[in-house]
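Worksheet for the structure shown next.
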Amino acid sequence: MKRIILGLFFALFAGIGAKAQCGAVNDAIKPGEELTYELKFNWKFIWINAGWAKMTVDTTTYGGKRCLKTDLESYTNKRLDLFFRMRDTLTCITSEDLVPLYFRKGAAEGNRYSVDDVRFSYRNGKCIVDQYRVVNQGKKRTNYQEAAVCVYDMLSILLQARSYDASEYNPGDKILFSMATGTDIEKQTLIYRGKDIYKAENNSKYRCLVFSLVEYVKGQEKEVITFYVTDDKNHLPVRLDMYLNFGSAKAFLTGLKGYRHPLESLVK
């Protein structure tokens, strides 16, 4: 289930350098945007409804400045709660030009409850990442690093990625970026797979860009998530295919409002 959260909000592109370069021109997102998803799991060859997720974007004040605040909530329904209960809440705060400033993830998954807290600052051309994780109210595990490259969390990187132009990417291109996990900074690999037509649950069709998040196990590429984003200026994530240790899962966009641009990717 944790992979669903990672999948919904992993990114398309990476930035490098100091604070000025860690931002982006926000051409895709505006306050008031709301996206909702239905989650499904494959259980013994049968797809079952598993729960829901919702992401919202609004404005807030952080460090005395106007910023963007993004929240993601996800939870399993009562049927799945009998086997695996999940209640996750993620929050990130960025500047208006999408520079990461703060991230928090509270995750109740099964009998485990963890909190990840990440604070970003910038000094002397470096990204300073101060983070900690607490599991089941136990000992706090801290990590402090100064990175020469930009570092993101799983929400802020998507916000930036949605404003970039993927027209110059070719199928098979690999995109590397650094992400704070709550305990460390890890390198991530994303592969651009090309374009496809995705048919939604309501029979709507979207032209999409397709990306895969992969891991490398003993030198072998292992698919973790394949996701589809609309091929228009919104870059809305409309479908995600997750490959989990215990099976597979999918997330489908079921509702959207407050998006910034016309849905030119909608196939009529």
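Keep in mind it's a predicted model, so treat the numbers as computed, not measured.
- In terms of the side chain to side chain donor-acceptor pair (under 3.5 Å) criterion, Arg260 has no residue partners (sequence neighbours excluded).
- For the residue pair Thr89/Lys105, the side-chain donor-acceptor check at 3.5 Å is not satisfied.
- Two residues are said to be in side-chain contact when any heavy atoms from C-beta on lie closer than 4.5 Å; Tyr62 and Tyr102 meet this criterion.
- Hydrophobic clustering keeps Val115 apart from Ile93 (ILVMFWY residues linked when any side-chain heavy atoms are closer than 4.5 Å, directly or through intermediates).
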Next on the checklist: Quick one, Val25 with Ser163, criterion side chain to side chain contact (heavy atoms under 4.5 Å, CB included). Give me CA distance, side-chain angles, the key distance, then yes/no.
Outcome noted: CA-CA 7 Å; Val25 177; Ser163 290; 5.9 Å; no

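- Proximity of Val229 to Arg162: side-chain heavy atoms (C-beta onward) are nowhere separated by under 4.5 Å.
- You'll find the side chain of Tyr122 reaches within 4.5 Å of the side chain of Val99, heavy atoms only.
- Looking only at side-chain heavy atoms (C-beta outward), Lys187 and Val149 come within less than 4.5 Å of each other.
- Between Tyr206 and Tyr198, the two ring planes are parallel [angle under 30°; tilted spans 30° to 60°].
- Once rounded to the nearest 0.5 Å, the distance linking CD1 of Ile29 with CD of Gln160 reads 9.5 Å.
- In the hydrophobic clustering of this structure, Leu68 does not group with Leu101; members are Ile, Leu, Val, Met, Phe, Trp, Tyr whose side-chain heavy atoms approach within less than 4.5 Å, directly or through other members.
- A donor-acceptor pair shorter than 3.5 Å cannot be found between the side chains of Glu264 and Asn234.
- Atom-to-atom distance recorded for Met242:CE and Asn42:CG is 11.5 Å, nearest 0.5 angstrom.
- When every heavy atom of Ser95 is checked against every heavy atom of Cys67, the shortest pair comes out as CA-SG, 4.2 Å.
- Separation of atoms CG (Asp153) and CZ (Arg104) is listed at 13.5 Å; rounding is to 0.5 Å.
- Considering only heavy atoms from C-beta on, Asp58 stays 4.5 Å or farther from Thr56 through its side chain.
- One finds the OH atom of Tyr37 at 8.5 Å from the CG atom of Leu256 (value rounded to the nearest 0.5 Å).
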Next on the checklist: Test salt bridge (charged side-chain N to carboxylate O under 4.0 Å, His left out) on Arg133 and Asp116; report intermediate values, then the result.
Outcome noted: CA-CA 5 Å; Arg133 172 177 291 172; Asp116 291 343; 2.7 Å; yes

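- Leu236 and Phe252 fall within the same hydrophobic cluster, defined by Ile, Leu, Val, Met, Phe, Trp and Tyr side-chain heavy atoms under 4.5 Å apart, directly or through other members.
- By the 6.0 Å contact criterion, CG on Asn136 is enclosed, its count of non-hydrogen atoms from other residues, nucleotides or ligands being greater than 12.
- Taking each heavy atom of Tyr259 and Glu33 in turn, the nearest pair found is CA-OE2, 4.1 Å.
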Item to check | From CA spacing to verdict: side chain to side chain contact (heavy atoms under 4.5 Å, CB included), Met179, Glu186 | outcome: CA-CA 5 Å; Met179 189 180 73; Glu186 296 182 358; 5.8 Å; no

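- Under the 4.5 Å side-chain heavy-atom criterion for grouping Ile, Leu, Val, Met, Phe, Trp and Tyr, Ile157 is connected to Val151 within one hydrophobic cluster.
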Item to check | side chain to side chain contact (heavy atoms under 4.5 Å, CB included) between Val135 and Arg141, intermediate numbers included | outcome: CA-CA 9 Å; Val135 179; Arg141 181 181 174 185; over 6 Å; no

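- Here the closest heavy-atom approach between residue Pro100 and residue Phe120 is recorded as O-CB, 3.3 Å.
- Side-chain contact check for Thr226 and Asp241: no donor-acceptor pair (N or O, by modelled atom type) lies under 3.5 Å.
- Side chain of His261 to main chain of Asp27: a donor-acceptor pair is present (N/O by atom type, distance under 3.5 Å, no hydrogens or angles).
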Item to check | Thr59/Lys69 under side-chain hydrogen bond (donor to acceptor under 3.5 Å, both in side chains): CA gap, chis, key distance, verdict | outcome: CA-CA 6 Å; Thr59 57; Lys69 177 174 177 285; over 6 Å; no

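- To the nearest 0.5 Å, atom OG of residue Ser114 and atom CD of residue Gln137 are 12.0 Å apart.
- Looking only at atom types and distance, the side chain of Asp81 has a donor-acceptor partner in the side chain of Thr76 under 3.5 Å away.
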Item to check | Stepwise side-chain hydrogen bond (donor to acceptor under 3.5 Å, both in side chains) test for Asp184 and Thr181 | outcome: CA-CA 6 Å; Asp184 204 352; Thr181 65; over 6 Å; no

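- Of all the heavy atoms in Pro237 and Leu35, the pair that sits closest is CD-CD1, 4.3 Å.
- Classification of the Trp52-Tyr75 ring pair by plane angle, with boundaries at 30° and 60°, yields tilted.
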Next on the checklist: Before you tell me yes or no, could you show the steps for Glu96 and Asn26 under side chain to side chain contact (heavy atoms under 4.5 Å, CB included), namely the whole-Å CA-CA distance, both residues' side-chain angles and the distance that decides it to 0.1 Å?
Outcome noted: CA-CA 8 Å; Glu96 291 190 296; Asn26 179 15; over 6 Å; no

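- Between the CD atom of Glu221 and the CD1 atom of Ile191 there is a distance of 3.5 Å, given to the nearest 0.5 Å.
- Tracing side-chain contacts under 4.5 Å through hydrophobic residues (I, L, V, M, F, W, Y), one never reaches Tyr113 starting from Phe103; they form parts of separate clusters.
- For the pair Leu190/Leu213, a side-chain contact is recorded, criterion being any heavy-atom separation below 4.5 Å from C-beta on.
- Annotation: side chain of Met86 is in contact with side chain of Ser74 (closest heavy-atom distance under 4.5 Å).
- Asn49 approaches Asn77 most closely through the heavy-atom pair O-ND2, 3.1 Å.
- No side-chain donor from either of Ser121 and Arg119 sits under 3.5 Å from a side-chain acceptor of the other.
- For the pair Asp232 and Ser265, the tightest heavy-atom approach, listed with the atom from each and the gap, is OD2-OG, 2.8 Å.
- Here the two cysteines Cys127 and Cys22 have their SG atoms 2.5 angstrom or farther apart.
- Side chains of Glu223 and Ser212: a donor on one and an acceptor on the other come within 3.5 Å.
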Next on the checklist: Run the salt bridge (charged side-chain N to carboxylate O under 4.0 Å, His left out) test on Glu146 and Arg123 for me, step by step, so that the C-alpha distance in whole Å, both residues' side-chain angles and the decisive distance to 0.1 Å come before the verdict.
Outcome noted: CA-CA 9 Å; Glu146 297 186 8; Arg123 184 172 62 245; 3.6 Å; yes

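- Taking 4.5 Å as the limit, some side-chain heavy atom of Glu34 sits within range of a side-chain heavy atom of Thr36.
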